[in-house]
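One structure is given here, and the rest of the page talks about it.
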There are 2 protein chains.
Amino acid sequence: MKITRTPEADAMTELILEIFHLNGQLLLEGDRLTEPLGLTSARWQVLGAVELASHPMSVAQISRRMGLSRQAVQRVANDLEGQGFINFENNPDHVRAKLIVPTKKGQKVLRKIAVIQAKWSNALAKGIGKARLIDTLEVLTEIKSRCEIMNIKPSKVEA
Amino acid sequence: MKITRTPEADAMTELILEIFHLNGQLLLEGDRLTEPLGLTSARWQVLGAVELASHPMSVAQISRRMGLSRQAVQRVANDLEGQGFINFENNPDHVRAKLIVPTKKGQKVLRKIAVIQAKWSNALAKGIGKARLIDTLEVLTEIKSRCEIMNIKPSKVEA
DNA sequence: TCCTTATTGACAACATATTGTCATAATGAC
DNA sequence: GTCATTATGACAATATGTTGTCAATAAGGA
């Protein structure tokens, strides 16, 4: 059976390979920027998600927001607690699901990393054009959304 | 020290988080598509890189083309050999750097996956517009290129 | 209320990727 | 040709992520 890709699908395929490359480069950049502060890309992302939340959230809540598995975030969060960047505080609404709260140390490192990230992203984005970046974001969001729809398991659909 | 992000940098930051999300979704899709054939996203990518090359290449060559570490590709290639999808053949130009060659089994699975990927990418890309996909690719390539420049270690520069 | 189901964190197994070290092979400067 | 440097694969340690299982907790419906 001969199946040919549309010109769009050819472009999509190239784009996907580029996303894999860029993902790797961005993780390297994240490691490079946060290494002096004792963080890594993964830990920074979790700590940042904690910071962005308007109220303290549990591991499971953070994982859903980040699009990672619950266990991946759990392990990183445990690491962050071990490093003294966050505490698990009792949740009045749930005995098991403790709430993640940054420590003083965690807040301090977040302020430092905010400065570093601002300088870095200013330099990285300079001259590309806000409109082009937003267009790009929209295309990627559309692709992600289509993937999510395709990936829904039948069991989930019935449920 | 107060540092503010430009509007462009805000858009860039959003875009980066979306790239992380999408990368995860695409890996899930790759696993889903290749699972019936005994492959995974990582193994598919390496096997596909082998296929795309105009002549047999070594692990180190594949790794540079893919933008992954040499050792990551080495381990996956060893897995592929263990599964009988590739063979390491003697390289007349280099004793240690064996050349990766797909087996009959590997070629067969590559033909099957090509059909699956074509259908999948046709559906995924439909209606987005080739021009938009190409624009998106260009932006991501520009960002990757800037990351690579920023990430070059001084030792590498001097060398 | 009671019972079924879903959520949550702990634990474990595994896949994927980086980094570092080592010994050997290839390359290049002189 | 010699010798320092680079490239390569093997091996190991570690970081990051998924999946599966389990027990305890929460939530919701009959």
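None of the values given here were measured: they were computed from a predicted structure. Order of the sequence lines fixes the chain letters, A, B, ..., with proteins taken first and strands second; residue numbering starts at 1 for each chain.
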Worksheet entry | Close residues, residues 53-67 of chain A, relative to DNA chain C [heavy-atom separation under 4.0 Å] | A/S58, A/V59, A/A60, A/R64
Worksheet entry | Minimum-distance pair of heavy atoms, taken over all atoms of A/E142 and A/R146 | OE2-NE, 2.7 Å
Discussion item. Here's a test of your reading of the structure: between A/L28 and B/R43, which maps to the more 5' nucleotide of DNA chain C?
Written reply: B/R43
Fill in: Nucleotide C/dG9, atom C1' - distance to NE2 of A/H94 in whole Å
9 Å
Worksheet item: When the distance from CG of B/L26 to C1' of C/dT16 is rounded to whole Å, what number comes out?
Response: 16 Å
Worksheet entry | Minimum side-chain heavy-atom gap A/L27-A/N23 below 4.5 Å | yes
Worksheet item: If you look only at pairs with a residue in residues 67-86 of chain B, which of them pass as a salt bridge (Lys or Arg N to Asp or Glu O under 4.0 Å), with sequence neighbours excluded?
Response: B/R43-B/D79, B/R75-B/D79
Discussion item. Whether the side chain of A/S63 engages the backbone of A/V73 through a donor-acceptor N/O pair (distance < 3.5 Å, no angle test) should be reported.
Written reply: no
Discussion item. With nearest nucleotide decided by heavy atoms, which residue, A/Q45 or A/V95, maps closer to the 5′ end of DNA chain D?
Written reply: A/Q45
Fill in: Nearest-Å distance for atom pair CD/P, residues B/E29 and D/dT18
15 Å
Fill in: Rounded interatomic separation in angstrom, taking CG from B/D79 and C1' from C/dT16
10 Å
Worksheet item: Any idea which of D/dG17, C/dA17, C/dA10 is nearest the A/Q71 side chain?
Response: C/dA10
Practice prompt. List the atom of A/G38, the atom of A/F85, and the distance in Å for their closest heavy-atom pair.
Written response: O-CE1, 4.0 Å
Worksheet item: Expressed in angstrom and rounded to an integer, what is the separation of B/L27 atom CG from D/dT19 atom C1'?
Response: 15 Å
Worksheet item: Under 4.0 angstrom, heavy atoms only, what part of the nucleic acid is A/T40 near: base, sugar-phosphate, or nothing?
Response: sugar-phosphate
Practice prompt. Please state how far atom CG in A/L80 lies from atom P in D/dA15, giving the value in whole angstrom units.
Written response: 13 Å
Worksheet item: Which nucleotide in the list D/dA10, C/dT8, C/dA17 gets nearest to the side chain of B/Q74?
Response: D/dA10
Practice prompt. Check the distance between D/dA24's P and A/K98's NZ and give it to me in whole angstrom.
Written response: 16 Å
Practice prompt. Please work out if B/A97 contacts a base, only the sugar-phosphate, or nothing of the nucleic acid, heavy-atom cut-off 4.0 Å.
Written response: sugar-phosphate
Worksheet item: Atom CG of A/D31 and atom P of D/dT14: how far apart are they, to the nearest Å?
Response: 17 Å
Discussion item. Are A/I116 and A/V109 connected into the same hydrophobic cluster when the rule is that any two of I, L, V, M, F, W, Y join if their side-chain heavy atoms are below 4.5 Å apart?
Written reply: yes
Discussion item. Using side-chain heavy atoms (C-beta onward) and a distance below 4.5 Å, is B/V50 in contact with B/P102?
Written reply: yes
Discussion item. Using the side-chain heavy atoms of A/R75, tell me which of these nucleotides is nearest: D/dT21, D/dG17, C/dT16.
Written reply: D/dG17
Worksheet item: If you look at every strand shown and take non-hydrogen atoms under 4.0 Å, does B/L68 touch a base, only sugar-phosphate, or nothing?
Response: sugar-phosphate
Worksheet item: When you match A/D93 and B/N78 each to their closest nucleotide on DNA chain D, which lands nearer the 5' end?
Response: B/N78
Discussion item. Ignoring hydrogens and geometry beyond distance, is the side chain of A/R96 in donor-acceptor contact with the base of D/dT25 at under 3.5 Å?
Written reply: no
Worksheet, complete the sentence: Applied to residues 108-123 of chain A, the salt bridge (Lys or Arg N to Asp or Glu O under 4.0 Å) test, sequence neighbours excluded, yields none
